[in-house]
Student: 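First the structure, then my questions, so here it is.
Atoms considered below: every heavy atom in the structure, side chains included; atoms not considered: hydrogens, waters and symmetry mates. For reference, positions follow the sequence shown, starting with 1.
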Amino acid sequence: MSLPVFKVDPGGLAGLVPGAELTVTGPEARHAVTVRRLAPGEALELVDGAGTRAAAQLVDGEKDRMSVRVRSVRTEPARRPRLVLAQALAKGDRDLLAVETATELGVDAVVPWQADRSIVRWKKERAAKSHEKWANTVAAAAKQSRRAAWPEVAALCTTAALADLLREPGTLGLVLHEAAEHPLAGPAGLVPGAGGAPEGPGHRPAWGDPERIVLVVGPEGGIAPEELERLGAAGARTVRLGPEVLRSSTAGPAALAVLSAALGRWSGGTA
């Protein structure tokens with residue numbers, strides 16, 4: 001059975017060695033002691049959201065404080081290329097569902113995108129609250145999937161800002177679109193498919209060696225032609241996943257799964 005995971009502040013695990021004791025306070029300690037009702041001696045894990053994980057044992061705790069004894073500490077290496085999901089705002093919390101699933105699948109950053117055809121709008125008075133909702137969704141999914149490194153949640157992005165992101169050096173932009181000529185995966189796609197990749201996972205002949213891959217997913221009404229043109233001018237490639245037309249909530253996670261398998265990100269153990 002997986003150990004429960006609790007987050008500490010960035011840098012909170014720095015310099016710890018086996019045998020050291022650490023005091024954790026606030027909501028995470030309250031959740032461990034009051035909600036989960038962990039008892040002294042029970043095992044747990046602490047993460048800092050930046051890739052460091054500590055296996056520990058509860059010494060004692062009450063209300064919003066707990067003391068733990070560290071058993072081991074390790075920092076998980078950052079995976080390259082980074083996978084970024086630029087998710088268009090969508091109605092019915094479908095954007096949040098996409099972000100939640102993407103976090104569980106190992107995405108490194110998410111970018112909320114105000115697309116031209118997005119029905120949902122983050123107006124000034126609700127922008128901060130909506131962004132917080134995305135951040136809380138990422139946090140819950142990162143804890144559930146026991147991640148040591150949590151995805152960054154970028155600020156709300158316009159199409160112009162998204163194009164600027166795609167122009168940054170070392171970036172490969174992939175725009176998911178049902179009418180794209182080339183598939184993402186398969187013998188004719190960017191990602192070698194069955195019978196087309198004798199070299200195995202991690203072979204990336206069609207895209208070189210980017211520092212990050214940005215997946216762009218449009219809203220329910222699709223990406224406007226003007227936006228496609230603008231993103232293409234910024235260097236993005238338009239690709240399709242398959243014959244089925246996926247919802248905005250599933251397209252991004254499906255593409256992330258394909259890329260993660262092709263990059264060998266899933267060939268190890270727990271992320």
Student: Please check this pair: side chain of R69 against backbone of G41, looking for a donor-acceptor N/O pair closer than 3.5 Å.
Tutor: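 No; zero donor-acceptor contacts below 3.5 Å.
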
Student: With distance as the sole test, does T250 use its side chain to make a donor-acceptor pair with the main-chain N or O of L246 at under 3.5 Å?
Tutor: no

Student: D95 pairs by side-chain contact (heavy atoms from CB on, under 4.5 Å) with which of V110, L89, T137?
Tutor: L89

Student: For the residue pair S248 and E220, confirm or rule out a side-chain donor-acceptor distance under 3.5 Å.
Tutor: no

Student: Hey, could you give me the CZ/CD1 distance between R82 and I213, rounded to the nearest 0.5 Å?
Tutor: 12.0 Å

Student: Go through the structure and list residues passing side-chain hydrogen bond (donor to acceptor under 3.5 Å, both in side chains) with T23, not counting sequence neighbours.
Tutor: none

Student: Between R247 and R94, does the side chain to side chain contact (heavy atoms under 4.5 Å, CB included) criterion hold? Intermediate values first, please.
Tutor: CA-CA 8 Å; R247 290 183 182 273; R94 293 194 179 280; 3.0 Å; yes

Student: Does one hydrophobic cluster hold both V111 and V217, with members joined at side-chain heavy-atom distances below 4.5 Å?
Tutor: no

Student: For atom CD of E168, is the number of surrounding heavy atoms from other residues, nucleotides or ligands below 6.0 Å larger than 12?
Tutor: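 Buried by this count: over 12 neighbours within 6.0 Å.
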
Student: For R80, is there any backbone N or O sitting under 3.5 Å from a side-chain donor or acceptor partner on R212?
Tutor: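 Absent.
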
Student: To the closest 0.5 Å, what do you measure between CG (N136) and NZ (K129)?
Tutor: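 One finds 11.5 Å between CG of N136 and NZ of K129.
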
Student: Does R71 reach the main-chain N or O of Q57 with its side chain, forming a donor-acceptor pair under 3.5 Å?
Tutor: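 No.
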
Student: Looking only at atom types and distance, does a side-chain atom of R240 sit under 3.5 Å from a main-chain N or O of A180, one as donor and one as acceptor?
Tutor: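 Confirmed, R240 side chain pairs with A180 backbone.
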
Student: Should the heavy atoms of other residues, nucleotides or ligands under 6.0 Å from CD of E21 be counted, would the total exceed 12?
Tutor: yes

Student: Please find the pair of heavy atoms, one from L259 and one from L83, that lie closest to each other, and give the distance.
Tutor: CD1-CD2, 4.2 Å

Student: Can you tell me how far OG1 of T238 sits from CG of L231, rounded to the nearest 0.5 angstrom?
Tutor: 8.0 Å

Student: So, do L174 and V214 sit near enough that their side-chain heavy atoms are less than 4.5 Å apart?
Tutor: no

Student: Determine, for E28 against K7, whether the closest basic-nitrogen to carboxylate-oxygen distance falls under 4.0 angstrom.
Tutor: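 A salt bridge is absent here (no side-chain N lies under 4.0 Å from a carboxylate O).
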
Student: Mind listing the closest non-hydrogen atom pair of L241 and A254 along with its distance?
Tutor: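 Taking every non-hydrogen atom into account, CD1-CB, 3.9 Å.
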
Student: Please report the closest heavy-atom contact between V258 and A185, naming both atoms and the distance.
Tutor: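 What the structure gives for the nearest pair is CG1-CB, 3.8 Å.
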
Student: Are L162 and V216 side-chain neighbours, meaning at least one heavy-atom pair lies under 4.5 Å?
Tutor: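 L162 reaches V216 side chain to side chain.
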
Student: State, with a plain yes or no, whether a side-chain heavy atom of V175 is found less than 4.5 Å away from one of V239.
Tutor: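 Heavy-atom side-chain distance check fails, nothing below 4.5 Å.
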
Student: Within a strict 4.5 Å, meaning less than it, do heavy atoms of the L44 and L46 side chains meet?
Tutor: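 Yes; the side chains approach each other to less than 4.5 Å.
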
Student: Strictly by ring-ring contact (aromatic ring centres under 6.0 Å, His included), give each pair with a member in residues 102-133 just once, sequence neighbours left out.
Tutor: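 Counting only pairs at least two positions apart or across chains, the ring-ring contact (aromatic ring centres under 6.0 Å, His included) contacts touching residues 102-133 are W122-W134.
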
Student: Could you pull out the closest heavy-atom pair between S72 and P18, with the gap in Å?
Tutor: CA-CG, 4.4 Å

Student: Is it the case that over 12 heavy atoms from other parts of the model lie below 6.0 angstrom from the CZ atom of R167?
Tutor: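 More than 12 within 6.0 Å, yes.
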
Student: For side chain to side chain contact (heavy atoms under 4.5 Å, CB included), just list the numbers for T159 and R230, CA-CA rounded to whole Å, side-chain angles, deciding distance to a tenth of an Å, and then say yes or no.
Tutor: CA-CA 8 Å; T159 300; R230 191 165 193 172; 4.1 Å; yes

Student: Going only through I, L, V, M, F, W and Y residues with side-chain contacts under 4.5 Å, is there a path from V70 to M66?
Tutor: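 V70 and M66: one cluster.
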
Student: Tell me, do P81 and E211 make a side-chain contact under 4.5 Å, heavy atoms counted?
Tutor: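 Result no, sub-4.5 Å side-chain heavy-atom pair not found.
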
Student: How long is the span from the CD atom in E104 to the OG atom in S145, to the nearest 0.5 Å?
Tutor: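 Separation between the atoms: 6.0 Å.
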
Student: Could you give the distance from CG (L97) to CG (D93), rounded to the nearest 0.5 Å?
Tutor: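 Separation between the atoms: 9.0 Å.
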
Student: Within the 4.5 Å heavy-atom criterion, are T171 and P210 side-chain neighbours or not?
Tutor: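 Contact flag for T171/P210 side chains = no.
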
Student: Please check this pair: side chain of R265 against backbone of G106, looking for a donor-acceptor N/O pair closer than 3.5 Å.
Tutor: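 Between the backbone of G106 and the side chain of R265 there is a qualifying donor-acceptor contact (under 3.5 Å).
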
Student: What is the minimum heavy-atom distance between A102 and L85, and which atoms define it?
Tutor: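 Between these two residues, the closest heavy atoms are CB-CD2, 3.8 Å.
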
Student: Scan side-chain atoms only and decide if R65 and S67 contain a donor-acceptor pair under the 3.5 Å cut-off.
Tutor: yes

Student: Taking the side chain as everything from C-beta on, heavy atoms only, tell me whether S260 gets closer than 4.5 Å to L105.
Tutor: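 The answer is no; the side chains never approach within 4.5 Å.
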
Student: Using only atom types and a distance under 3.5 Å, with no angle test, would you say the side chain of D64 pairs donor to acceptor with the backbone of T25?
Tutor: no

Student: If you compare all heavy atoms of K143 against all heavy atoms of V5, which two are closest, and at what distance to 0.1 Å?
Tutor: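 Here K143 and V5 meet closest at CE-O, 3.3 Å.
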
Student: Would you compute the distance between atom CG of L172 and atom CG of L166 and round it to the nearest 0.5 angstrom?
Tutor: 9.0 Å

Student: Kindly say whether A39 contributes a backbone atom to a donor-acceptor pair with the side chain of E42 at under 3.5 angstrom?
Tutor: yes

Student: Quick check: is F6 connected to V47 through a chain of hydrophobic side chains (ILVMFWY, heavy atoms under 4.5 Å apart)?
Tutor: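 Different clusters: V47 never reaches F6 through Ile, Leu, Val, Met, Phe, Trp or Tyr contacts under 4.5 Å.
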
Student: Under 4.5 Å between side-chain heavy atoms, hopping through other hydrophobics if needed: is there a path connecting L176 to V107?
Tutor: yes

Student: Taking CZ in R37 as the centre, count heavy atoms belonging to other residues, nucleotides or ligands within less than 6.0 Å. Is the count above 12?
Tutor: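 Counting neighbours around CZ of R37, 12 or fewer heavy atoms of other residues, nucleotides or ligands fall under 6.0 Å, so no.
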
Student: Does the side chain of R146 come within less than 4.5 Å of E45's, by heavy atoms?
Tutor: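 In contact.
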
Student: Any chain of hydrophobic side-chain contacts (each under 4.5 Å) joining L215 to V153?
Tutor: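 Per the 4.5 Å side-chain linkage, L215 and V153 are co-clustered.
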
Student: Checking side chain to side chain contact (heavy atoms under 4.5 Å, CB included) for the pair E229/E226: CA distance, chi angles, key distance, verdict?
Tutor: CA-CA 5 Å; E229 183 177 352; E226 298 80 7; 5.6 Å; no

Student: Quick check against the 3.5 Å criterion: does T34 have a side-chain atom that pairs as donor or acceptor with the backbone of H31?
Tutor: no

Student: Counting N and O atoms only, with roles assigned by atom type, does the side chain of R121 sit under 3.5 Å from a partner on the main chain of S118, one being a donor and the other an acceptor?
Tutor: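 Side chain of R121 to backbone of S118, a donor-acceptor pair under 3.5 Å: yes, one is there.
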
